[in-house]
Amino acid sequence: MILEALQPIENVSLLTGHILVTFMEYDTAQGIFLECNREDLAIEMRMNMLHFDEALSLASKSRSKNCVFGVSLKYGQHLESIGEHARALGMYEMACNFVDATKANKSTDDCAGGVARTSIFLGDFERGIRIAKQIKSKRLQIWCAELLVSLNQPME
């Protein structure tokens with residue numbers, strides 16, 4: 001099954017990199033991906049392995065602001081899911097710094113929503129509420145309201 005997915009890959013080096021991933025030789029696979037100028041594959045591999053610090057380091061070296069945005073957002077979501085709200089907030093804020101204000105979309109809302117949720121978790125209720133109102137997502141507003149009630153902070 002794994003080999004079938006690799007069948008369309010014609011570049012021998014890339015194929016080697018993918019095979020190394022299946023054998024959990026991540027550092028060697030990353031080196032090969034980078035030699036093939038496929039930093040996107042190295043970053044994706046690191047994120048799939050939850051090696052977010054390595055993925056963020058690779059993304060920072062890339063020429064794409066979207067890359068840093070994507071890794072920071074996913075890292076923030078992961079940190080939030082395991083209860084590391086302060087670090088998650090930092091990742092969400094980093095992601096927001098790479099948002100193109102002219103291209104607001106679901107990802108930018110996810111980023112701002114992460115800032116709102118983690119701000120509330122960390123006690124910055126006013127900031128969280130302000131951001132939740134700006135996004136105009138009913139789902140986020142309900143989630144934030146429920147969180148505020150659970151923290152005995154039934155505001156607005």
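Quick caveat, the model's predicted, so the values are computed rather than measured.
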Can you hop from [X] to [Y] via hydrophobic side chains spaced under 4.5 Å?
{"X": "M45", "Y": "L14", "value": "yes"}
{"X": "F69", "Y": "F52", "value": "yes"}
{"X": "L58", "Y": "M47", "value": "yes"}
{"X": "I32", "Y": "L15", "value": "no"}
{"X": "I142", "Y": "I135", "value": "no"}

*For C144, which residues count as a disulfide bond (SG atoms under 2.5 Å apart) partner, sequence neighbours excluded?*
none
Heavy-atom check, side chain of [X] versus side chain of [Y], under 4.5 Å:
{"X": "V115", "Y": "C96", "result": "yes"}
{"X": "D40", "Y": "C67", "result": "no"}
{"X": "V21", "Y": "L41", "result": "no"}
{"X": "R46", "Y": "V71", "result": "no"}
{"X": "T28", "Y": "T16", "result": "no"}

For [X] against [Y], the heavy-atom pair lying closest together:
{"X": "M94", "Y": "S72", "value": "SD-OG, 3.2 Å"}
{"X": "A112", "Y": "I131", "value": "O-CG2, 3.3 Å"}
{"X": "L140", "Y": "A132", "value": "CD2-CA, 4.0 Å"}
{"X": "G114", "Y": "E80", "value": "CA-OE1, 4.5 Å"}
{"X": "L73", "Y": "A95", "value": "N-CB, 3.9 Å"}
{"X": "A55", "Y": "I43", "value": "CB-O, 4.0 Å"}

What distance separates [X] [atom1] from [Y] [atom2], expressed to the nearest 0.5 Å?
{"X": "I129", "Y": "I120", "atom1": "CD1", "atom2": "CD1", "answer": "6.0 Å"}
{"X": "L56", "Y": "K74", "atom1": "CG", "atom2": "NZ", "answer": "14.0 Å"}
{"X": "R139", "Y": "D109", "atom1": "CZ", "atom2": "CG", "answer": "11.0 Å"}
{"X": "Q30", "Y": "M49", "atom1": "CD", "atom2": "CE", "answer": "12.5 Å"}
{"X": "L148", "Y": "F121", "atom1": "CG", "atom2": "CZ", "answer": "10.0 Å"}
{"X": "M91", "Y": "Q77", "atom1": "CE", "atom2": "CD", "answer": "12.5 Å"}

*Listed by chain and number, what are the side-chain hydrogen bond (donor to acceptor under 3.5 Å, both in side chains) partners of D53, not counting sequence neighbours?*
Y75
*Applying side-chain contact (heavy atoms from CB on, under 4.5 Å), name anything that partners E35, two or more places apart in sequence or on another chain.*
none
_When you compare the side chains of Y26 and E54, does any donor N or O come within less than 3.5 Å of an acceptor on the partner?_
no
*Does any N or O in the side chain of E84 come within less than 3.5 Å of the main-chain N or O of L79, such that one atom is a donor and the other an acceptor?*
no
*Apply side chain to side chain contact (heavy atoms under 4.5 Å, CB included) to the pair R127 and L89, showing each step before the final yes or no.*
CA-CA 12 Å; R127 180 182 187 200; L89 177 60; 4.0 Å; yes
